[in-house]
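One structure below.
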Amino acid sequence: MPAMIDLHCDTLTRSRGRTAGRGPLDDPAFHLSLSKVPAGTRWIQCFAIFVPDQLRGREAIDFFDRHAASFDEQMAQNRERILPCRSFGGMEAALSEGKFGAVLTVEGGAVLAGQLERVETIWNAGVRMLTLTWNGPNELASGHDTPGGLTDFGREAVAELERRGVLVDVSHLNDRGFEDLLAVAKKPFAASHSNARSVCGHRRNLPDEFIREMAARGGLIGLNYACSFLSDSGVGSLDDLYRHVCRFLELGAGECLALGSDYDGTDIHPDLDSVEKSLGIRDYLVSRGIPAQTADGIVFDNAWRFFRTWLAE
């Protein structure tokens, strides 16, 4: 039975307001569509609410509220196929019922609007992972397009996120912010959709020393399918994904490597542009000489173990 856990997609934000197919999450024009997932697949998907950099304060809060409501509506519309998961127990329940599992996440710390108490608010709304920044700065930190590290509020927010059980996600965080996070983080954290900078030089990718640090801390890193993050040439094929896997393994990160497609948020090579094709990654890696146990870890087992340990009830 095929199995996959994907740490990041933008389908939720992109799909709001569309009615194609049997609901917005079933639009055949998208990378990710419920009907594209083969029957019998054990699939857990993290659906991000992407909060644009220009939104602050009330605008960011209202944007989040609209899309969180949309998530709830879409889960209700598709209840026969997909189950929202607010804990690891929810993931287990989804798979045991033969359904797909959906984890709500947020990309962009502006969702907190500079208010520490909003960590509790987003938790109550079902959010279980927060990408601290997008490309620019917000109240917590600076993204990869801007200088500056964690702010004082950002340090407080990391502690509160850890206390409440919302996973910290460093994808899009710049190098200074990552280094600041290492000084304050008490728990393992994720890079939901980031690759190896030594293979592809995009600054959104992780340098070797950060990968080693995340492996040592028991973190989780999702391979991003974006063409520009897979290859300096911008091709971004399945072979390029394999090159990143090899580098992560060389750096001792095999047990913290997972998938983070970035579906419906970026340009993706035809090798990888649907859930069905993602399900072929495991066999492809084995065909290239990656041990079967390692390949199983990348597509499912590593993320499953991480969530079992760190996704609070």
Side-chain angles (χ1 to χ4, degrees), residues 7-10 12-14 46 48-68 104-123 125 127 129-164 166-187 189-195 197 200-207 209-210 213-214 219 221-222 224 226 228-229 260 262 265-266:
L7 304 182
H8 183 83
C9 76
D10 289 301
L12 178 64
T13 308
R14 180 180 174 185
C46 295
I49 297 175
F50 162 57
V51 182
D53 276 341
Q54 67 269 25
L55 299 185
R56 290 289 184 276
R58 188 72 247 171
E59 284 187 308
I61 291 171
D62 290 344
F63 184 91
F64 169 79
D65 288 347
R66 290 196 302 272
H67 285 85
L104 184 61
T105 72
V106 173
E107 183 174 36
V111 69
L112 300 182
Q115 303 168 30
L116 208 58
E117 59 269 23
R118 280 193 53 77
V119 172
E120 185 75 18
T121 302
I122 65 171
W123 163 269
V127 173
M129 182 161 60
L130 173 64
T131 313
L132 299 180
T133 68
W134 193 54
N135 295 343
N138 60 35
E139 295 92 342
L140 282 75
S142 292
H144 71 272
D145 279 351
T146 52
L150 288 182
T151 64
D152 289 341
F153 174 74
R155 291 177 173 84
E156 292 179 323
V158 167
E160 182 63 11
L161 290 164
E162 290 186 333
R163 185 198 68 79
R164 195 61 192 87
V166 178
L167 300 169
V168 172
D169 178 11
V170 299
S171 286
H172 286 280
L173 189 64
N174 66 17
D175 289 359
R176 180 177 169 186
F178 190 103
E179 291 169 349
D180 289 344
L181 178 67
L182 293 178
V184 298
K186 305 299 183 185
K187 294 182 178 180
F189 50 86
S192 65
H193 53 304
S194 296
N195 295 334
R197 197 180 298 174
C200 173
H202 198 292
R203 59 182 177 271
R204 262 279 281 106
N205 289 335
L206 298 167
E209 61 269 25
F210 290 177
E213 187 67 36
M214 289 192 68
I221 303 170
N224 192 323
S228 58
F229 300 156
D262 210 357
T266 189

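Sequential numbering from 1 along the given sequence is applied to the chain's residues. None of these values were measured; they are calculated from a predicted model.
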task = Without swapping roles, check the side chain of E213 against the backbone of L182 for a donor-acceptor pair under 3.5 Å.
result = no
ask   = At what distance, to the nearest 0.5 angstrom, does OG1 of T13 lie from NE2 of H67?
value = 5.0 Å
task = For the pair N195 (side chain) and F229 (backbone), establish whether a donor and an acceptor sit closer than 3.5 Å, ignoring hydrogens and angles.
result = yes
task = Under the side-chain contact (heavy atoms from CB on, under 4.5 Å) rule, what do D175 and R197 come out as? Steps first, then yes or no, please.
result = CA-CA 12 Å; D175 289 359; R197 197 180 298 174; 2.8 Å; yes
message = Would you say that E107 contacts D10 through its side chain, given a criterion of any heavy-atom pair below 4.5 Å between the two side chains?
response = yes
query = Which distance, rounded to the nearest 0.5 Å, do you find between the CG of N205 and the SG of C200?
reply = 5.0 Å
ask   = Roughly how far, to the nearest 0.5 Å, is the CG atom of N138 from the CZ atom of R56?
value = 5.5 Å
task = Measure across A141 and L173 and return the closest heavy-atom pair with its distance rounded to 0.1 Å.
result = CB-CD1, 3.6 Å
note = The reported gap from CG in L167 to CG in L130 (rounded to nearest 0.5 angstrom) is 10.0 Å
message = Side chains of T131 and F50, heavy atoms from C-beta outward: is any pair under 4.5 Å?
response = no
query = Does S194 reach the main-chain N or O of S171 with its side chain, forming a donor-acceptor pair under 3.5 Å?
reply = no
inquiry  = Using the rule given for salt bridge (Lys or Arg N to Asp or Glu O under 4.0 Å), can you reason through D145 versus R203, listing the C-alpha separation, both sets of side-chain angles and the distance that settles it, and then say yes or no?
reply    = CA-CA 9 Å; D145 279 351; R203 59 182 177 271; 2.8 Å; yes
ask   = Counting distance only, does the side-chain N/O of S142 pair as donor-acceptor with the main-chain N or O of P147 below 3.5 Å?
value = yes
query = Should L104 and L12 count as side-chain neighbours, where that means a heavy-atom distance under 4.5 Å?
reply = yes
note = In this structure, CD1 of I61 is separated from CD1 of I122 (nearest 0.5 Å) by 11.0 Å
ask   = So E179 and R176, salt bridge (Lys or Arg N to Asp or Glu O under 4.0 Å) or not? Walk me through it.
value = CA-CA 5 Å; E179 291 169 349; R176 180 177 169 186; over 6 Å; no
task = Go through the steps to decide whether I49 and F63 satisfy the test side-chain contact (heavy atoms from CB on, under 4.5 Å), and finish with yes or no.
result = CA-CA 9 Å; I49 297 175; F63 184 91; 4.2 Å; yes
task = Looking only at non-hydrogen atoms, find the nearest pair between V170 and L181 and report the distance.
result = CG1-CD2, 3.1 Å
task = Check A60 against V51 and note the closest heavy-atom contact, atom names and distance.
result = CB-CG1, 4.2 Å
ask   = Taking C-beta and beyond as the side chain, do F64 and L55 meet within less than 4.5 Å on heavy atoms?
value = no
message = Tell me whether the rings of H8 and H193 are parallel (<30°), tilted (30 to 60°) or perpendicular (>60°).
response = parallel
key: Heavy-atom side-chain contact between R163 and E120 under 4.5 Å   = yes
ask   = What distance separates L150 CG from L132 CG, expressed to the nearest 0.5 Å?
value = 7.0 Å
Nearest heavy atoms of M129 and C46, plus distance in Å = CE-SG, 4.3 Å
key: Parallel, tilted or perpendicular, as decided by the 30° and 60° cut-offs, for the rings of F189 and F178   = perpendicular
query = Run the side-chain contact (heavy atoms from CB on, under 4.5 Å) check on E139 and T151 step by step: do they pass?
reply = CA-CA 7 Å; E139 295 92 342; T151 64; 5.7 Å; no
Minimum side-chain heavy-atom gap D180-R155 below 4.5 Å = yes
ask   = For the residue pair T146 and G136, what are the closest heavy atoms and their distance?
value = OG1-C, 3.8 Å
query = Could you walk me through whether D169 and T105 pass the side-chain contact (heavy atoms from CB on, under 4.5 Å) check?
reply = CA-CA 10 Å; D169 178 11; T105 72; over 6 Å; no
message = Does any part of the side chain of F153, heavy atoms only, come nearer than 4.5 Å to the side chain of L116, both counted from C-beta?
response = yes
Student check: side-chain heavy atoms of H144 and N135 closer than 4.5 Å = yes
ask   = Side chain of D262, backbone of G265: donor and acceptor closer than 3.5 Å?
value = no
task = Check M214 against A191 and note the closest heavy-atom contact, atom names and distance.
result = CE-N, 3.6 Å
